[in-house]
Amino acid sequence: MDIKKFFSRRSTDNPKDILRTAYGDFNLAKESDREQVQRMVIDLQRTTDVLTRKDIKNWREAWQIAINVDSPNRQRLYDIYRDVEVDLHLSGCVGQRTGFVMAKSFKLVDQNGEEDEEALHYFDQAWFKQLMRYVLEANFWGHSLIELGEVATDGDGCICFSDVTLIPRKHVIPEYHRVITDLSQDWHTGIDYHEAPFSDWLIEAGRPHDLGIYLKAATQTIPKKNMLAFWDTFGEIFGMPMRIARTTSRDKKEIDRLDRMLREAGASLSMVAGQDTEIEFVESGKGDAYNVYDKRIERANSELSKLVIGQTMTIEDGSSLSQSQTHLEVFQNLIEADCDMIRDIVNSQLLPRMARLGFPVKGLRFDWDYAVDYTPEQQKAYEEMVLQHYDVAPSYFEEKYGMPAAQRRQQDAGNSQSGDFFD
């Protein structure tokens, strides 16, 4: 494979100066910057991830290379992460943690704390949901560099981004905020994505030196996968009874015929043998595979649950209601931390970039709308608490519940008990 180096030029064969690569279209310097800056093209060499069997030694060596101060390289570590990512139990834990955040409602508020419902349309788009997924992935991979697409309009004529794209992680060296064009290069030859115009179109999630949760998860997924393979081997050797054929014949053809007959019998319950041939089935006496293999796999799953979602009961069987409620509170703390991360990135990176690109979001802030996410019981308790101390306009209940509301009944005058309001 030829090694291609990036260079500054203006595209002459593409009127839109869109770089076509095997990864898709990358346009880090968008159309609005073409008059001020020279187009810098990034050729990303497409490589195939190595899918080979990994062990703890490979993990430790990849970790050592990734934390090299002079020339950090996460490529081998990301190969292990790709292997870690396919673990079924880990995928369930990641999906549960991500799903709770993605299901939360959000809002845009002005400097006075008033919600701007029109501005919400700019974010209620597919591109923003994908952006949140990429941001949440930084928790597990350590870092995500996300490119904003071209400014376009949706079906309603609302301004939006055409898409968001994840810059291939192997090409990103976050320790020195560089993007390399070929995996054989080091960070010295990379592009500094903190400088304009690239910084105007890129969103960065994760700390530069953070290697993500998958670094720790690999210590459980690697032995778990090996244990599953060993268990399969155990089943092949001891799972079926051994078939032994004894014959008095010395004819090699007859012996070969018997051998072929036993091998090809498979799950068949019948076979044909000579009168002087004895067929014996020997059952295996090995019965401790459950304690040897399944217990280790079970322990790996519980460790992964604690690592990703902080507990085990929301994804595994629980023993009591009180314990499950405690575990849920621990899980909610992690969800709140993820929500805080998304809110900070949107307010500090995304909204300023959107404002510069012409989105009418100047002076707005992104926040989570916890009122929308209350359960009916929580909402009722919240409203009762407010009504005990404040007079609430009937229009609130008319708009929220779609039912006509008037002032309190005459007999309730002077009665501060809010529960009668709902009678």
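Along the sequence shown, the residues carry numbers beginning at 1.
Atoms NZ and CD, from K107 and E117 in turn, are 11.0 Å apart once rounded to the nearest 0.5 Å. Rounding to the nearest 0.5 angstrom, the gap separating the CE atom in M354 from the CD1 atom in I159 is 8.0 Å. Here the CD1-CG distance, from I342 to L350, works out to 11.5 Å after rounding to the nearest 0.5 Å. R299 CZ to D294 CG: the interatomic distance, rounded to the nearest 0.5 Å, is 12.5 Å. Interatomic distance, CG of L131 versus CD1 of I345, reported as 8.0 Å (0.5 Å rounding). The distance from the CG atom of D338 to the CG atom of N333 is 11.0 Å, given to the nearest 0.5 Å.
Annotation for A217 and V84: closest pair CB-CG1, 4.1 Å, computed over non-hydrogen atoms. Between A218 and P223, the closest heavy-atom pair is O-CD, 4.0 Å. The two residues H194 and S199 have their closest heavy-atom pair at O-CB, 3.5 Å. The two atoms that bring Q75 and I180 nearest to each other are NE2-CD1, 4.4 Å, heavy atoms only. For the residue pair P174 and P208, the shortest heavy atom distance occurs at O-CB, 3.4 Å. When all heavy atoms of I173 and Y193 are compared, the closest pair comes out as O-OH, 4.5 Å.
When the shell of 6.0 Å around CZ of R356 is examined, it contains more than 12 heavy atoms from other residues, nucleotides or ligands. Atom CD of Q64 has 12 or fewer heavy atoms from other residues, nucleotides or ligands within 6.0 Å. When the shell of 6.0 Å around CH2 of W127 is examined, it contains more than 12 heavy atoms from other residues, nucleotides or ligands. Within a 6.0 Å radius of CZ in R353, other residues, nucleotides and ligands contribute more than 12 heavy atoms.
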Please evaluate residues S144 and L166 with respect to the criterion side chain to side chain contact (heavy atoms under 4.5 Å, CB included), reporting the C-alpha separation (whole Å), side-chain torsions for both, the decisive distance (0.1 Å), and the verdict.
CA-CA 7 Å; S144 291; L166 179 70; 4.0 Å; yes

Test log, rule side chain to side chain contact (heavy atoms under 4.5 Å, CB included), inputs L211 and Y81
CA-CA 10 Å; L211 298 179; Y81 285 7; 3.8 Å; yes

Side chain to side chain contact (heavy atoms under 4.5 Å, CB included), that's the test. Do L304 and L90 meet it? Break it down for me.
CA-CA 6 Å; L304 291 172; L90 180 62; 4.3 Å; yes

May I have the step-by-step check of side chain to side chain contact (heavy atoms under 4.5 Å, CB included) for V101 and M132, ending in yes or no?
CA-CA 9 Å; V101 178; M132 286 199 296; 5.7 Å; no

Applying ring pair (Phe, Tyr, Trp, His ring centres under 6.0 Å), run through Y214 and F140 and close with a yes or a no.
CA-CA 5 Å; Y214 283 162; F140 309 102; 5.7 Å; yes

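Under the 3.5 Å distance criterion, the side-chain polar atoms of T98 are left unmatched by any main-chain donor or acceptor of G95. Although no hydrogens or angles enter the test, the distance criterion places a donor-acceptor pair under 3.5 Å between the side chain of Q349 and the main chain of E204. Remark: side-chain polar atoms of N58 are paired, donor with acceptor, to backbone N or O of D55 under 3.5 angstrom. Between the side chain of W59 and the backbone N or O of K216, no donor-acceptor pair lies under 3.5 Å. Side-chain atoms of S162 come within 3.5 Å of backbone N or O of E150 as a donor-acceptor pair. The main-chain N or O of C158 is never found under 3.5 Å from a side-chain atom of D156 such that the two would form a donor-acceptor pair.
For the pair R76/W63, no side-chain contact is recorded, criterion being any heavy-atom separation below 4.5 Å from C-beta on. A heavy-atom distance below 4.5 Å is not found between the side chains of L307 and Q220. Side-chain contact between H209 and E175 is present, with heavy atoms from C-beta onward closer than 4.5 Å. Residues L77 and I65 fail the side-chain proximity criterion, which asks for heavy atoms closer than 4.5 Å. By the 4.5 Å heavy-atom criterion applied to side chains, F198 and E147 are not counted as neighbours. Looking at N139 and V94, their side chains never come closer than 4.5 Å, going by heavy atoms from C-beta outward. The shortest side-chain heavy-atom distance between N73 and N68 does not fall under the 4.5 Å cut-off. Counting only heavy atoms from C-beta outward, the side chains of R97 and I335 approach each other to under 4.5 Å.
When F123, F161, Y134, Y122 are each tested for a ring-ring contact (aromatic ring centres under 6.0 Å, His included) with F128, only one passes: F123.
No side-chain donor from either of H177 and E195 sits under 3.5 Å from a side-chain acceptor of the other. Looking at S305 and H89, their side chains do bring a donor and an acceptor atom within 3.5 Å of each other.
The six-membered or imidazole ring of F230 lies away from that of Y293, with a centre-to-centre distance of 6.0 Å or more.
The residues R343 and D340 are annotated as salt-bridged, a charged nitrogen and a carboxylate oxygen being separated by less than 4.0 angstrom. A salt bridge links E137 with R169; the closest basic N to acidic carboxylate O contact falls under 4.0 Å. Taking the charged nitrogens against the carboxylate oxygens, R178 and D186 have no contact shorter than 4.0 Å, which rules out a salt bridge.
Using a 30° and 60° split on the angle between ring planes, W187 and Y176 fall in the parallel class, below 30°. Between W368 and F366, the two ring planes are perpendicular [angle over 60°; tilted spans 30° to 60°].
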